[in-house]
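The block underneath contains the structure these notes are about, expressed in structure tokens.
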Amino acid sequence: MAISSYNILHSSFFFPSTTPLSPKLSTIKISASSSTSSASSEMDLHSQGRAKFLEFPFVSAPHRDLMVDLVSTVENRLGSQLLPCTLPLDVQHCRNETATAQASLHIRSGHQSSAVDFILGSWLHCKLPTGAALNITSLTGYLNLSTDAPNFIIELIQSNPTSLVFILDLPPRKDLVLYPNYLKTFYENTQLETHRQTIQNLPEVSPYVSPSLYLRSLLSPTSIMVRVETDEGRMEEIIKNEICPVVKEVVGIWLDHCACGGREVEEEEMACLKKRDELVKKKTIEIDLGSNFPRLFGPELTERVLGAIKQVYNV
């Protein structure tokens, strides 16, 4: 995962007038100028960070194309529902002192009127002691309490050109045993199982079992969690011709039925959903960043990054 920091520039305003402005008029003009400057700074910050994030500089062309297309699809569909990314630039993109690890992080919160809590994209590049490099790209979509629909997650983990771990899922936000209609609505009726089987049945694919019991407990029964082992040229073909079409289908299902599905939460269920969502976010920070980031980037940068992320996560 990746992150960057940003120094906010403060603008001073000069009003060239020989006649003093009335206090009321002065206040209005300063407020308007400040607002314009702030909005411009936010958009500059968003554009710079997004451009760096979308480079995906350490992965193959098909892998990069997949991630860029995925991010663009989500952003274009959600459109004005998403706010610009306002993380500091040195949190949006960062590297350690020895340049053996660098990362990029892009978070866009949803408007209050949207069902989207936030969209989080990231990539991580880390040189390994063996001389190889670990590359992880991911995109997750979290929904807020206005809906109980599933979230979205995709992650591609590659430590060499011939091996890839691929994770794709719509993690449920309710117990599928207690709420069988939830299972039917989001997993049976959408035929997510067919996409899982499409990937699972490829000859180069074998199941990937995460060592984290917690992660495995979060995923749905139709989750794709596989390891692909093949030669480099064939790997690029699989990403382009097999993985990419499935990703497009699944993210389309998430956008249509979850992020833009119009599903509402009953008042009596909201407290339980809120508690569950908060626990998931806290645990994600603890496992994903809290355990690995200090080792790669050191305590100072980790503290800055975690502080920014916790603010977005609201935990």
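- Within a 6.0 Å sphere centred on NZ of Lys240, heavy atoms belonging to other residues, nucleotides or ligands number 12 at most.
- For Glu264, the CD atom counts as loosely surrounded, since its 6.0 Å shell holds 12 or fewer non-hydrogen atoms of other residues, nucleotides or ligands.
- Contact check for Asn189 versus His257: no side-chain heavy atoms found under the 4.5 Å cut-off.
- Looking only at atom types and distance, the side chain of Gln81 has a donor-acceptor partner in the side chain of Ser114 under 3.5 Å away.
- Put simply, CE on Met270 and CD on Glu268 are 9.5 Å apart, with the number rounded to the nearest 0.5 Å.
- A distance-only check finds a donor-acceptor pair linking the side chain of Trp123 to the backbone of Phe53 [under 3.5 Å].
- Taking both residues in full, the closest heavy atoms of Trp254 and Pro150 are given as NE1-O, 2.9 Å, listed atom of the first, atom of the second, then distance.
- How far OG1 of Thr147 is from CZ of Arg263: 6.5 Å, rounded to the nearest 0.5 Å.
- One finds the CG atom of Leu183 at 12.0 Å from the CG atom of Leu178 (value rounded to the nearest 0.5 Å).
- Under a cut-off of 6.0 angstrom, the local environment of CD in Glu97 is sparse, with at most 12 non-hydrogen atoms contributed by other residues, nucleotides or ligands.
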Name each donor-acceptor pair under 3.5 Å that joins a side chain in residues 219-226 to protein atoms two or more places apart or in another chain, with its distance.
unit_1 : atom_1 : unit_2 : atom_2 : d
Ser220 : OG     : Asp169 : OD1    : 2.5
Ser220 : OG     : Thr222 : N      : 3.2
Ser220 : OG     : Thr222 : OG1    : 3.1
Ser220 : OG     : Ser223 : N      : 3.3
Ser223 : OG     : Ser220 : O      : 3.1

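- Counting heavy atoms from C-beta outward, Lys281 and Lys310 have side chains that stay 4.5 Å or more apart.
- Following chains of ILVMFWY side-chain contacts shorter than 4.5 Å, one can reach Leu128 starting from Leu124, so the two form part of one hydrophobic cluster.
- Residues Val116 and Asn144 fail the side-chain proximity criterion, which asks for heavy atoms closer than 4.5 Å.
- Residue Phe293 comes nearest to Cys94 through the heavy atom pair CZ-SG, 4.0 Å, listed as atom of the first residue, atom of the second, then distance.
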Worked check of side-chain contact (heavy atoms from CB on, under 4.5 Å) between Ile119 and His106:
CA-CA 8 Å; Ile119 302 296; His106 195 65; over 6 Å; no
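- Within the 4.5 Å cutoff, the side chain of Pro294 has no heavy atoms near those of the Leu301 side chain.
- Of the inter-residue distances, the one linking Ile238 atom CD1 with Glu204 atom CD reads 4.0 Å to the nearest 0.5 angstrom.
- Proximity of Ile243 to Phe166: side-chain heavy atoms (C-beta onward) are separated by under 4.5 Å at one or more points.
- In this pair, Tyr187 and Tyr182 present their aromatic rings tilted. The plane angle is within the 30 to 60° band.
- With a 4.5 Å cut-off on side-chain heavy atoms, Thr140 and Thr284 do not count as touching.
- When ring centroids are compared, Tyr142 and Phe152 stay outside the 6.0 Å threshold.
- Using a 4.5 Å cut-off between side-chain heavy atoms of Ile, Leu, Val, Met, Phe, Trp and Tyr, with links allowed through other members, Val247 and Ile153 fall into different hydrophobic clusters.
- Judged by the 6.0 Å and 45° rule, Lys283 forms a cation-pi pair with Tyr214.
- Counting heavy atoms from C-beta on, the side chains of Pro207 and Arg227 never come closer than 4.5 Å.
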Show the numbers, then the answer: is there a side-chain contact (heavy atoms from CB on, under 4.5 Å) between Leu120 and Leu139?
CA-CA 6 Å; Leu120 186 156; Leu139 182 70; over 6 Å; no
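- In terms of hydrophobic clustering, with Ile, Leu, Val, Met, Phe, Trp and Tyr side chains grouped at heavy-atom distances under 4.5 Å, Leu279 and Leu306 are assigned to different clusters.
- Between Lys274 and Glu278 there is a salt bridge, with a side-chain nitrogen of the basic residue lying less than 4.0 Å from a carboxylate oxygen of the acidic one.
- Within a 6.0 Å radius of CG in Asp256, more than 12 heavy atoms belonging to other residues, nucleotides or ligands are found.
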Begin with the C-alpha distance, continue with both residues' side-chain angles, and end with the deciding distance and a verdict on side chain to side chain donor-acceptor pair (under 3.5 Å) for Ser210 and Ser212.
CA-CA 5 Å; Ser210 169; Ser212 169; 4.7 Å; no
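- Nearest heavy atom pair, residue Arg50 against residue Ser72, reads NH2-OG, 4.2 Å.
- Between Leu296 and Asn96, the closest heavy-atom pair is O-ND2, 3.2 Å.
- Residues Tyr208 and Ile157 share a single hydrophobic cluster, defined by chaining ILVMFWY side chains whose heavy atoms lie under 4.5 Å apart.
- Summarising the geometry, atom CD belonging to Gln102 is positioned 10.5 Å from atom SG belonging to Cys126; distances are rounded to the nearest 0.5 Å.
- Shown here for Ala132 and Ser159, the closest heavy-atom pair between the two residues is CB-O, 3.6 Å.
- Counting only N and O atoms by type, the side chains of Thr137 and His63 include a donor and acceptor under 3.5 Å apart.
- No side-chain heavy atom of Ser109 sits less than 4.5 Å from a side-chain heavy atom of Asp117.
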Report the C-alpha distance between Glu242 and Glu237 in whole Å, list the side-chain angles of each, state the deciding distance to 0.1 Å, and finish with yes or no for side-chain contact (heavy atoms from CB on, under 4.5 Å).
CA-CA 8 Å; Glu242 307 293 347; Glu237 290 180 2; over 6 Å; no
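- Formation of a donor-acceptor pair under 3.5 Å by the Ser163 side chain with backbone atoms of Asn160 is not found in this model.
- Electrostatic pairing of Glu193 and Arg196 counts as a salt bridge here, judged by a charged N lying under 4.0 Å from a carboxylate O.
- With hydrogens and angles ignored, the 3.5 Å screen pairs a side-chain donor or acceptor of His111 with a backbone N or O of Ser80.
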Dump the intermediate steps for side-chain contact (heavy atoms from CB on, under 4.5 Å) on Val165 and Leu156, then the final yes or no.
CA-CA 6 Å; Val165 171; Leu156 291 94; over 6 Å; no
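- A salt bridge links Lys52 with Glu55: at least one charged nitrogen is closer than 4.0 Å to a carboxylate oxygen.
- The CZ atom of Arg276 sits 12.5 Å away from the CG atom of Leu145 when rounded to the nearest 0.5 Å.
- Shown here for Cys85 and Arg108, the closest heavy-atom pair between the two residues is N-CG, 4.1 Å.
- Remark: Glu229 CD is packed, more than 12 non-hydrogen atoms of other residues, nucleotides or ligands lying under 6.0 Å away.
- For Arg173 and Asp277, the salt-bridge test passes: some basic side-chain N is under 4.0 Å from an acidic carboxylate O.
- Both Phe58 and Phe56 sit in one connected hydrophobic cluster of ILVMFWY residues. Membership requires side-chain heavy atoms under 4.5 Å apart, directly or through other members.
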